[in-house]
Participant: 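Could you have a look at this structure, given as structure tokens, before my questions?
Below, chains carry the letters A, B, ... as their sequence lines are ordered, and counting in each starts from 1. Given the structure is predicted, the values throughout are model-derived calculations rather than measurements.
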Amino acid sequence: APECVIMMRVCWLVRQDNRHQRIKLPHLETVMVGRSPETKIADKKCSRQQGNWSQDCGDYCVGVNPTSIDSVIIGKDQEVKLQPGQVLYLVNELYPYIIEFEEEAKSPGLGTHRKRKRSGNSDPTETAEPSTGLEPGSNPRQRSVPPKKEKDASAKKESLGHWSQGLKISMEDPKMQVYKDEQVVVIKDKYPKARFHWLVLPWASISSLKAVTREHLELLRHMHAVGEKVIADFAGSSKLRFRLGYHAIPSMSHVHLHVISQDFDSPCLKNKKHWNSFNTEYFLESQAVIDMVQEAGRVTVRDGMPELLKLPLRCHECQQLLPSIPQLKEHLRKHWSK
DNA sequence: GTTCTAGAAC
DNA sequence: GTTCTAGAAC
């Protein structure tokens with residue numbers, strides 16, 4: 001039977017500083033956005049019902065009762081359009097949001113949303129899930145047939161649907177691409193661990209640094225140069241420090257260069273492994289990798305990498321030890337609020 | 001890679 | 001009692 005798939009245009013309200021996951025704006029359905037756990041806004045100046053937002057039929061979304069868009073103050077209960085490129089501030093020039101559109105495949109009769117139990121949460125503004133897989137997590141493909149009792153014996157799990165193959169799918173998706181040329185493509189990390197976090201991937205299929213040889217030297221240099229260009233183009237005015245590097249033992253297949261700002265201000269940074277993978281020798285500086293390939297013809301990694309991920313949390317700016325992730329995050333604020 | 005949650009740590 | 005981590009499941 002032919003597979004029937006409808007493409008839906010979904011609209012997302014995206015917090016510019018990554019403080020929380022994007023909020024889905026369903027078509028012609030209103031979503032309340034304001035002071036709530038979802039938005040992580042605790043500011044009393046922000047109402048719980050700061051604005052009602054919905055996707056309209058066009059290339060914009062509609063809101064009632066926001067404070068300002070692009071610094072133009074909006075009156076109470078005035079309906080306004082928010083278009084791509086415009087910045088919405090929920091209150092007093094704070095809490096910046098933009099909108100993004102995305103195509104989403106939808107099989108009729110089978111909702112794109114998985115039901116998930118959530119303990120006593122009646123909040124209508126539930127965080128929506130991204131439907132396209134970037135760095136792993138979500139189903140890259142929709143089911144065309146409901147699950148049956150008997151297992152599909154031929155369905156080898158680990159081929160292309162497995163989460164570790166997610167980058168291969170994302171890099172091909174034009175909507176994910178921030179930059180591309182003949183050799184490489186750059187995408188935003190789906191779960192950014194800082195305000196800016198990109199991945200530079202070669203089109204050539206290179207499973208990991210273990211497969212890299214001197215033949216790839218120019219490619220590695222190009223990936224580095226492209227990473228620096230993306231920083232200049234998209235974060236040039238941010239004044240943030242960046243690092244470019246590879247994880248010693250990556251979880252995702254396909255060589256990818258991390259380009260990450262050093263604020264580490266992101267709700268997706270949640271545990272010790274996240275922190276230590278960017279702030280110990282687990283993070284292999286791009287330039288060091290290039291030098292090693294030039295000198296030795298391949299990349300070798302020292303023993304004991306998995307253990308590095310369990311090291312105590314230490315601030316990368318002032319070396320102070322912090323006892324927990326929440327306390328580390330609180331500590332980091334004093335380095336980026338300058 | 002993320003999510004979920006039991007139970008350790010506070 | 002609540003916060004937080006870490007390991008299993010995906």
Participant: Once ring-ring contact (aromatic ring centres under 6.0 Å, His included) is applied, what residue pairs with a partner in residues 273-302 of chain A remain, sequence neighbours excluded?
Facilitator: A:H197-A:F278, A:H247-A:F278, A:H247-A:Y282, A:H258-A:F278, A:F264-A:W275, A:W275-A:H316, A:F278-A:F283
Participant: Go through the structure and list residues passing side-chain contact (heavy atoms from CB on, under 4.5 Å) with A:E307, not counting sequence neighbours.
Facilitator: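 Residues passing side-chain contact (heavy atoms from CB on, under 4.5 Å) with A:E307: none at all.
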Participant: Please check the phosphate of C:dC10 (OP1 and OP2 only) for any side-chain N or O of A:H162 closer than 4.0 Å.
Facilitator: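 Answer no for this pair, as no side-chain N or O of A:H162 is under 4.0 Å from OP1 or OP2.
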Participant: Can you measure A:Y191 atom OH to B:dT2 atom P for me and round it to whole angstrom units?
Facilitator: 7 Å
Participant: Quick one: ring pair (Phe, Tyr, Trp, His ring centres under 6.0 Å) partners of A:H224, sequence neighbours excluded?
Facilitator: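 Partners of A:H224 by the ring pair (Phe, Tyr, Trp, His ring centres under 6.0 Å) criterion come out as none, since no residue qualifies.
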Participant: Can you list the residues that meet the side-chain contact (heavy atoms from CB on, under 4.5 Å) rule with A:L311, with sequence neighbours excluded?
Facilitator: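 Applying side-chain contact (heavy atoms from CB on, under 4.5 Å) to A:L311 gives A:N276, A:T280, A:L308.
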Participant: Considering only side-chain heavy atoms of A:H274, which listed nucleotide, C:dG7, B:dT2, C:dC10, is closest?
Facilitator: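 Selected nucleotide: B:dT2.
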Participant: Please tabulate the protein-to-nucleotide N/O contacts below 3.5 Å involving nucleotides 3-5 of chain C, giving atom names and distances.
Facilitator:
{"unit_1": "C:dT5", "atom_1": "OP1", "unit_2": "A:I325", "atom_2": "N", "d": "2.8"}

Participant: My understanding is that only residues two or more places apart in sequence, or in another chain, count here; which of them pass side-chain contact (heavy atoms from CB on, under 4.5 Å) with A:S208?
Facilitator: A:K210
